[in-house]
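Just below is one structure, and these are the notes that go with it.
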Amino acid sequence: MTLTDLHPLEQTALKQLALSVNKVFVTGAGGFLGFAICQRLLAAGIEVVGFARSHYPKLVELGVDMRQGDINDFDSVKQAMKGCGLVFHVASKAGVWGSKQSFYSPNVDGATNIVNACKALDIHNLIYTSTPSVTFAGADENGINESAPYASQYLNYYGESKAIAEQNILAANTASLRTTALRPHLIWGPNDPHLVPRVVERAKAGRLKLVGYQDKLVDTIYIDNAAYAHILAAVDLVAAAKCAGKAYFLSNDQPITMAAMLNKILACADLPPVTKRVPAGVAYAAGVVLETLYGWFNIQQEPIMTRFVARQLSTSHYFDISAAQQDLGYQALVSIEQGMQKLKLSLSR
């Protein structure tokens, strides 16, 4: 990827960032979003130090200085971050199933290590990749903005741990360490290792169903837009710092029904649309039963249904992103329709 491969607005933002920052640290560099951010930074001539648990030869080939380590190892994190002027903390344990410690250790303790390393090394700028799940308690979220409170109770440890980490990182915001949190919702696109393959695999197995009989609106965000928003946040943080100490919902700003989104993805894979439905109450009850049984027998594999998934698939969650538009200058550069064309092309290869 070169600068000319990118949208003119991305080119402008990256050129601005390159004037202020020479070396950037990216956790979760091998992940879907982390990789996209690394590509853009390298295209702007910015040196990138990537941090991940696994080895990623493709990133090394691109020119990333990859450091392999555990985010819970403070000394390893601090050593890798030396000389960097800005941090993108993208890494986290995602998912809907697992023990409390398996989520708290990387998501909460890991974030604390990042903050402490920034302070120890006098790094002034930290962008944290959060999630809208921090506000989700199982009910409809219709066009909510950042004034919505954190959930009073969570349906899984992922949302709970991310909420704690987000609050801790925003609380760490000072004149000497500027922090911000971005909440992209349902990132998708070519090479997506999560949403797209999960939908396609379940459809092929005949296990994909819609939950509930009401089609609720949800927000999604195309991968390029999510990466662009992170670059914009970095540009603002090192300059005007309007976003310092704040969290931002991010999306394509194109609410769509879950059925329509799933069927667009299936169409890209040349699969028939999903039409089968299961009542929302039945799905939730199944989640309760399965979570209980899996807990009793200490089954590590994710249940086919959980309370969180049942509520996510049967409720609306779309967001007012005017704060990101005003403070960061964010706008979706790739529409859902354009993104689906790119996705179809990638799946046909």
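Side chains are part of it too, since the values below use all heavy atoms of this structure and drop only hydrogens, waters and symmetry mates.
In this structure, a donor-acceptor pair under 3.5 Å is present between the side chains of Y128 and K162. Y248 and D327 share a side-chain donor-acceptor pair at under 3.5 Å. A donor-acceptor pair shorter than 3.5 Å can be found between the side chains of N142 and S316. In the model, H230 has a side-chain atom that pairs as donor or acceptor with a side-chain atom of T129 under 3.5 Å. Checking E166 against N168 by side-chain atom types alone, no donor-acceptor pair falls below 3.5 Å. Residues E141 and T135 bring a donor and an acceptor atom of their side chains to less than 3.5 Å of each other. Side chains of E160 and Q153: a donor-acceptor N/O pair is absent below 3.5 angstrom, by distance only. In this model, no donor atom of one side chain and acceptor atom of the other lie less than 3.5 Å apart for D253 and S251.
For the pair K58 and Y56, the cation-pi test (distance below 6.0 Å, angle within 45°) is failed. Figure legend: cation-pi geometry between R67 and F51 absent, as NZ or CZ is not positioned both under 6.0 Å from the six-membered ring centre and within 45° of its axis. Cation-pi geometry between R311 and Y284 is met: the NZ or CZ atom falls under 6.0 Å from the ring centre, inside 45° of the normal.
Nearest heavy atoms, A91 versus I71: CB-CD1, 4.5 Å. Shown here for N72 and G110, the closest heavy-atom pair between the two residues is OD1-N, 3.6 Å. V196 and G189 get closest at one heavy-atom pair: CG2-O, 4.4 Å. When all heavy atoms of C243 and L328 are compared, the closest pair comes out as CB-CD2, 3.7 Å. Contact between D215 and A259 at its shortest, heavy atoms only, is OD1-CB, 3.8 Å. Of all the heavy atoms in N263 and P273, the pair that sits closest is OD1-CA, 3.1 Å.
Taking the six-membered ring for Trp and thresholds of 30 and 60 degrees, F308 and F136 have ring planes more than 60 degrees apart, a perpendicular arrangement. Taking the six-membered ring where the residue is Trp, F319 and F249 present parallel rings, their angle staying beneath 30° rather than reaching 60°.
Of the possible donor and acceptor atoms, none in the side chain of T180 sits under 3.5 Å from a partner among the backbone N and O of I127. Between the side chain of Q11 and the main chain of L3, a donor-acceptor pair closer than 3.5 Å is present.
Taking 4.5 Å as the limit, every side-chain heavy atom of V49 sits out of range of all side-chain heavy atoms of V26. Under the 4.5 Å side-chain criterion, counting only non-hydrogen atoms from C-beta, D140 is in contact with K216.
Using a cutoff of 4.0 Å between basic side-chain nitrogens and carboxylate oxygens, R307 and E291 are scored as salt-bridged. Between K344 and E337 no salt bridge is recorded (no basic side-chain N to carboxylate O distance below 4.0 Å).
Under the side chain to side chain contact (heavy atoms under 4.5 Å, CB included) criterion, A13 pairs with Y228, I231, L232, V235, sequence neighbours left out.
Between the OG atom in S133 and the NE2 atom in H317 there is a gap of 8.5 Å [rounded to 0.5 Å]. A distance of 5.0 Å separates NE2 in H89 from CD1 in I169, rounded to the nearest 0.5 Å. With values rounded to the nearest 0.5 angstrom, I336 atom CD1 is found 5.5 Å from M261 atom CE. From H7, atom NE2 reaches atom CG of L333 across 5.0 Å, with rounding to the nearest 0.5 Å.
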As a quick check of understanding, evaluate salt bridge (charged side-chain N to carboxylate O under 4.0 Å, His left out) for R40 and E10, giving each step before the final call. CA-CA 9 Å; R40 284 156 173 77; E10 280 194 279; 2.6 Å; yes
Quick one: do N252 and N225 satisfy side chain to side chain donor-acceptor pair (under 3.5 Å)? Show the steps, please. CA-CA 7 Å; N252 252 61; N225 298 328; 2.9 Å; yes
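Applying side chain to side chain contact (heavy atoms under 4.5 Å, CB included) to L42 and the options I37, T2, V48 leaves one that passes, V48.
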